[in-house]
Amino acid sequence: MSDNNKKLFLLDAMALVYRAYYALIRSPRITSKGRNTNAQFGFTNTLVDLINKERPTHMAVVWDTHAPTERHIDFTDYKANRQEAPEDLMSAIPDIKRIVESFNIPCVELDGYEADDIVGTLAIEAADMGYTVFMVTPDKDYGQIVRENIYMYKPGFKGGTFEILGEKEVCEKWGINNVNQVIDMLGLMGDAVDNIPGIPGVGEKTAAKLLAEYGTLENILDNAPHIKGKLGEKIAAGKESALMSKKLATIITNVPVEFHEENFRIKEKNEAEMSAVFAELEFRTLAKRILGETPAPANAADSKPVALDLFGDPIEEPVTSSTASFGQIDLFTEAENFKNISDTAHQYHLVQSEEDLQHFIAQALQQKEICFDTETTGTDAMQAELVGLSFSWEKGEAFYIPCTDKEAEVKELLEKLNVLFTKEDILWIGQNIKYDLLMLKNYGFDLKGKLFDTMIAHYSFEPEGKRGMDLLSMRYLQYEPVSIETLIGKKGKGQGNMRDVEVELIKEYAAEDADITLQLKQQFEPLLKEAEVEDLFYKVENPLVPVLAQMEFEGVGLDVDFLKNYSDALGTAIKEAEQKVYEQAGVQFNLASPKQLGDVLFDKMKLDEKAKKTKTGQYATGEDVLQKLRNKHEIVDSILVFREYSKLKSTYADSLPLMVNPKTGRIHTSFNQSVVVTGRLSSNNPNLQNIPIKTDMGREIRKAFKAFDDNHVLLSADYSQIELRVVAAVSGDVSMIQAFKDKKDIHRATAAKVYGVPEEEVTFEQRRNAKAVNFGIIYGQSAFGLAENLGISRTESKEIIDNYFKEYSSVKKYMDDSIAYGKKHGYVKTLMGRKIKLADINSSNQTVRGFAERVAINAPIQGSAADMIKLAMIKISDAMKAANVKSRMVLQVHDELVFEVPLNEVELMKALVVENMQSALTLPNDVPVIAESGTGRNWLDAH
DNA sequence: CTTGGCACGC
DNA sequence: GACGTACGTGCCAAGA
């Protein structure tokens, strides 16, 4: 095990310089003397970012300006084809070396060796001495020597974001089992070095497959005659270049360098030298941030010295377990060897006989907390069948009860277990227990006790990132569970079915799941407390689980015939528009292909000489681009019609009917409670949160969502301007609050203020602009985004924004405060205490930091609104149960709730829903919360 | 089978 | 002074 306190970073300088240079090439930094300083700037930016983010204890910058090396000399092609670096890139190198040295970081260079070789050799030496080593490069190299305490560190395209790969990640990335095979992969694929092609036509997947079969590149080449078809031919033909590529990619690890602790330790920076270089290169902002404006000691009485980072910001305490709960990837556990089922004591019982079952039930009835998990035939809970149930209440011990494939027998079994399911004082623990609830509901059973969902718990204290059970187990229990793929095969067409797996095998897998989940619950309870999100979890997220399960179970009715007719009508209109386009263009092509359309519009018809291109080089044909071309040619209107109708037809009219559950005849969406970091829900299979509403033709789709029969209606209730109300509340802006208290049209009121006119004189356009600004605040948009949205100039939009901030100065203050809070704590909070992490808020990269800052503004607003509607859903669900109504909650769309209501309950439900929505969460500063409701036979009429 | 482009809602 | 600008879901085309 390595010493966590010794972090050595080795930078492949030339690779970073090249990338910095090209990353900024479209926006060159030209100094007053006409020099391009892209490379210097980009490199320094990455360096500073890395130091601030990773806080290395040791560091070296490795150069290979004295390469090419001996091994390159054999390859005349390589030398001949190697492109000369641009002059301004080459001339940047001395500057960069000066900058690096002003940081007091050593530059290492050795005649005849590439940086890879030097870095590799140093890495191995230092790793053997107990250092954790990070080899920093934007390239793919190094994979072959990544091992336990050596990692690859890949800075993002322009600094800011980054990626850290250990042995495991590298293997995963390349699809191989052994990290030593990386070099063979590079040989096969040939992108180790420019211009050495490897074997053309062999991609990552093919290469990994070949290596899995033959082990090494040499073996593959020897066996080329036995490899069938085109692939075999290609391999035989590419032999030479594959070997060449491999040789070029091989890292030499016996370079004559030595690692000396003292030479590489991070030391004080040489400020005089640094400021001189920065002045020369005209890095004013960077200089100011790194060198200038060091804050005075906060408090003379507070004698504790405050460590400052390169920007003069105080360095936070080192990461401890409490901050780890905010998504810190713990590199050092990642590299550990995990325990697994074969070396961990466990007792997993198979419950098969009646006697076993009775014994199990008797024991279970004694328990207060039971972990519960179902095994089924599929991932869609509304269609799957039960294969077995597992339970655990003691670490290392679990029970698995298999089911037969006869529904009646399964129900009989569940009937026997129902004494448990209906017991009120059991806490049921599960990972994504909504799924298990749905399974039970489909057999007519329900859990009466309380719930604890480990997945939701994890989401509550760490909303970002993944939370699959296997992952959580490895991270929090250092235990690697049996993978489902070992039972039913790899994902994809060939994947088998749980039902076909031997019961003894399922038992081990299923019981282990319950066992692990139980242990996760024990781990997570203190973490919830530590992260101060107990209220969020116990009052909002966890109680929402059964509510969502019930909503998904109910589903919503769909008028399939209506959609079928509508689809036909759309089809006709699409054909018409398509024909028009072909006539006007004078060619037949696939209008659904953006690539072909771009070629027709811009190459053939030349509608815009300076047409924008996408990053892959094809013409951009998005809606915004087309809108700007509308007055140039009437073909554009037909294209827009085609686009709109095709979307409606394929995504909605044709797809939704396919999602109708054959058993219930209804649509059962799945709400995901643990995806969106701000706390919103997401919906899929199908996504019912993006049903069209803006255009007339789109709105028609909503007519297909209908109430059960003539005795029912859909009731839709939505919050009015909820996010702006949250803005008013958290900012305490007096005039905005007053506008809400006076029940004004908020956008009109805003326009009046911004344009300095009486409310009744606000024009349509002024209101529209004001609305866009309000909207922009909520989404954290910038002046650019606003201008883009409104089709006005950037200066004009900036003026509007400036006026807005003058009139609503508290809103501006809130935004600044929120960013400051984010910088200080590394996260921002919603009203219910949900914490949203802001990893990049102190980034030296303006784009990256700007993004984090917008999140800091937006997340508390959107997240608090999400908190509110979640609380409302729980309250409403409880109130509906208490009132014993027949009505059902069926959908949630961020600020709207939809219910299916029998006619005789309409008035009751309207009052119940609106009242509970409005009182779910009291906003600060007495900002009123308003919910409005409507009913109708279908979703459109209900609005 | 993966990716890129596009479009829908909030 | 240029960067490049909410998120999540899902469809289709294109190229391996």
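Letters go in sequence order (proteins before strands), and every chain restarts at 1.
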**Student:** Is Ser682(A) near enough to dT9(C) that one of its side-chain N or O atoms lies under 4.0 angstrom from OP1 or OP2?
**Tutor:** yes

**Student:** Using the side-chain heavy atoms of Lys595(A), tell me which of these nucleotides is nearest: dA13(C), dG9(B), dG15(C).
**Tutor:** dG15(C)

**Student:** By the 4.0 Å heavy-atom rule, please label Leu648(A) as base, sugar-phosphate, or nothing.
**Tutor:** nothing

**Student:** For the residue pair Trp939(A) and Phe705(A), does the interplanar ring angle fall in the parallel (under 30°), tilted (30 to 60°) or perpendicular (over 60°) class?
**Tutor:** perpendicular

**Student:** Among dA13(C), dG10(C), dG8(C), which nucleotide has an atom closest to any side-chain atom of Val676(A)?
**Tutor:** dG8(C)

**Student:** When you get a sec, tell me which of dC11(C), dG9(B), dA13(C) is the closest nucleotide to the side chain of Ser593(A)?
**Tutor:** dA13(C)

**Student:** Could you check whether Asn672(A) gets within reach of a base, just the sugar-phosphate, or nothing at all, counting any heavy atom under 4.0 Å?
**Tutor:** nothing

**Student:** Would you mind telling me which of dA13(C), dA6(C), dC10(B) lies closest to the side-chain atoms of Phe851(A)?
**Tutor:** dA6(C)

**Student:** Using whole Å, what does the distance between atom P of nucleotide dC6(B) and atom CG of Leu601(A) come to?
**Tutor:** 11 Å

**Student:** For Val893(A), report the nucleic acid contact type (base, sugar-phosphate, nothing); a contact means any heavy atom under 4.0 Å.
**Tutor:** sugar-phosphate

**Student:** Tell me what Gln596(A) touches on the nucleic acid: a base, only sugar-phosphate, or nothing, going by heavy atoms under 4.0 Å.
**Tutor:** sugar-phosphate

**Student:** Check this for me: does any side-chain nitrogen of one of Glu552(A) and Lys434(A) sit under 4.0 Å from a carboxylate oxygen of the other?
**Tutor:** yes

**Student:** Can you tell which of dA7(B), dG8(C), dG10(C) lies closest to the side chain of Arg643(A)?
**Tutor:** dA7(B)

**Student:** How about Tyr566(A) and Tyr652(A): are their ring centroids closer than 6.0 Å?
**Tutor:** no

**Student:** Pick base, sugar-phosphate or nothing for Gln862(A), based on heavy-atom distances below 4.0 Å to the nucleic acid.
**Tutor:** nothing

**Student:** Could you check how far CG of Leu656(A) sits from C1' of dC11(C), rounded to whole Å?
**Tutor:** 13 Å

**Student:** I'd like to know if Arg630(A) pairs up with Asp637(A) as an ion pair, taking the criterion as any Lys NZ or Arg NE/NH1/NH2 lying under 4.0 Å from an Asp or Glu carboxylate oxygen.
**Tutor:** yes

**Student:** Report the distance from atom CZ of Phe283(A) to atom P of dA2(C), rounded to the nearest whole Å.
**Tutor:** 17 Å

**Student:** Given atom OH of Tyr619(A) and atom C1' of dA13(C), what is their separation to the nearest angstrom?
**Tutor:** 19 Å

**Student:** Please determine, for the side chain of Lys694(A), which listed nucleotide (dG9(B), dG8(C), dA13(C)) has the closest atom?
**Tutor:** dG9(B)

**Student:** Any idea which of dT9(C), dC10(B), dG9(B) is nearest the Asp895(A) side chain?
**Tutor:** dC10(B)

**Student:** Counting the atoms with a prime plus P, OP1 and OP2 as sugar-phosphate, which does Ser655(A) contact under 4.0 Å by heavy atoms, base, sugar-phosphate, or nothing?
**Tutor:** sugar-phosphate

**Student:** Assess whether side-chain contact (heavy atoms from CB on, under 4.5 Å) is satisfied between Asn661(A) and Ile667(A), documenting all intermediate values.
**Tutor:** CA-CA 6 Å; Asn661(A) 185 306; Ile667(A) 297 246; over 6 Å; no

**Student:** From the set dC6(B), dC10(B), dT9(C), return the single nucleotide nearest to any side-chain atom of Pro594(A).
**Tutor:** dC6(B)

**Student:** The side chain of Thr621(A) lies closest to which of these nucleotides: dC6(B), dA14(C), dC8(B)?
**Tutor:** dC6(B)

**Student:** What does Asn858(A) touch in the nucleic acid at a heavy-atom separation under 4.0 angstrom: a base, only the sugar-phosphate, or nothing?
**Tutor:** nothing

**Student:** Is any NZ, NE, NH1 or NH2 atom of the basic residue among Asp624(A) and Lys628(A) found under 4.0 Å from an Asp or Glu carboxylate oxygen of the other?
**Tutor:** no

**Student:** Name the pairing partner of dG15(C), where a pair is Watson-Crick or G-U wobble with both distances under 3.5 Å, or state none.
**Tutor:** dC1(B)

**Student:** Tell which nucleotide pairs with dG8(C), taking only Watson-Crick or G-U wobble pairs whose two distances are both under 3.5 angstrom.
**Tutor:** dC8(B)

**Student:** Can you identify which nucleotide, out of dC10(B), dA13(C), dG8(C), has its nearest atom closest to the Arg680(A) side chain?
**Tutor:** dC10(B)

**Student:** Which whole-number value in Å describes the distance from Asn685(A) CG to dC11(C) C1'?
**Tutor:** 14 Å

